Amino acid sequence: MADAQPVPQGVDTGVPSPARIYDYLLAGDNNFAADRAAAEQIMKAVPEIRDAAWSNRGFHQRAAKWITQQGIHQFIDIGSGLPTVGNTHEVVQLVWPETHVVYVDNDPLVRAHSTTLLAGDGTTSVLLGDLRDPDGILGHPELRRLIDFTQPVGLLMTGVLMFVADESDPYGLVARYLRELAPGSYLSLSHLSADHKSPQAVQGFRAAFDTATEHMYFRPKAEVARFFDGLELVPPYQGAAPELCYTGVWGAEDPVAADTDGSRWLWCGVARRP
Ligand SMILES: C[S@@+](CC[C@H](N)C(=O)[O-])C[C@H]1O[C@@H](n2cnc3c(N)ncnc32)[C@H](O)[C@@H]1O
């Protein structure tokens with residue numbers, strides 16, 4: 001656990017954060033008592049939450065790998081999370097070793113624990129930045145150094161837009177990032193949803209974030225689909241129609257077996273910017 005380690009400036013260990021709650025759900029050790037208490041609260045309301053977290057992480061990795069296989073060799077990973085098994089650059093550089101990855105997260109602990117997120121050969125970087133500040137992120141000198149905007153980019157926004165309120169215009173923000181990217185770029189996105197869930201489970205889930213650094217906003221499938229407006233969705237697996245699916249199913253060899261209760265908490269999709 002992180003409790004014994006020095007705490008970076010800007011981190012209040014008494015306030016749970018999405019990055020550290022997610023880290024605990026993924027069996028990581030970069031979390032504090034308040035994060036573990038919030039995660040346990042979610043587990044009471046949603047017993048399958050660990051499966052949901054792993055399912056989302058699996059989607060993140062499969063989608064990033066698939067995008068690299070389409071010839072994309074540079075990624076912006078916004079809301080990247082704390083280092084875990086199979087970080088983005090590790091996954092994509094297995095396909096194409098020189099792939100550039102810029103990680104962005106607004107939790108200072110992500111930047112502080114960035115050692116394992118840096119490939120050590122100048123191909124990766126970690127920025128402390130907020131998704132709601134696209135000019136700050138897109139104009140960051142380190143991002144401009146690693147990302148060539150004349151070439152297509154993989155924009156990864158997995159499990160992060162559910163922390164952006166309607167008042168912050170999440171659709172306008174995604175469109176703003178996409179406008180900057182060359183045609184042929186890809187967006188990979190997943191989002192929590194209360195679709196087909198019991199109100200008690202949703203309420204218990206949401207309540208765990210009431211006192212956290214970010215609040216939680218569930219969105220129905222149609223609202224998640226809106227993030228892909230103007231883009232070309234790709235089929236999530238062989239034989240499927242090009243549409244959103246649950247995270248476990250995307251890229252699954254056996255979509256029936258992958259369709260677990262945990263997976264059904266998040267809609268996801270991958271789409272190409274024409
Ligand atoms: C549930 S984790 C998802 C991590 C990773 N993308 C994945 O799917 O495995 C959400 C991450 O988004 C980050 N986050 C939340 N709101 C953010 C914002 N406004 N700007 C940047 N990062 C944010 C959190 O700190 C956390 O690391």
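It should be emphasised that the depicted structure is a prediction, and the values quoted were computed from it without experimental measurement. For the single chain, residues carry numbers from 1 onward in sequence order. When a ligand or atom number is given, it counts from 1 through the structure's own listing order.
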Tell me whether [X] is salt-bridged to [Y], with the criterion being a basic N under 4.0 Å from an acidic carboxylate O.
X      : Y      : result
Asp23  : Arg36  : no
Glu142 : Arg145 : yes
Glu180 : Arg176 : yes
Asp107 : Arg20  : yes

Practice item. Using a strict cut-off of under 4.0 Å between a residue heavy atom and any atom of ligand 1, list the qualifying protein residues by chain and number. Key: Ala19, Tyr22, Asn56, Arg57, Gly79, Ser80, Gly81, Asp105, Asn106, Asp107, Gly129, Asp130, Leu131, Arg132, Thr158, Gly159, Val160, Phe163
Check your understanding: Less than 6.0 Å separating the ring centroids of Trp267 and His191?
Key -> no
Practice item. Determine the sole option in Trp250, Tyr246, Trp66 for which the ring pair (Phe, Tyr, Trp, His ring centres under 6.0 Å) test with Phe59 is passed. Key: Trp250
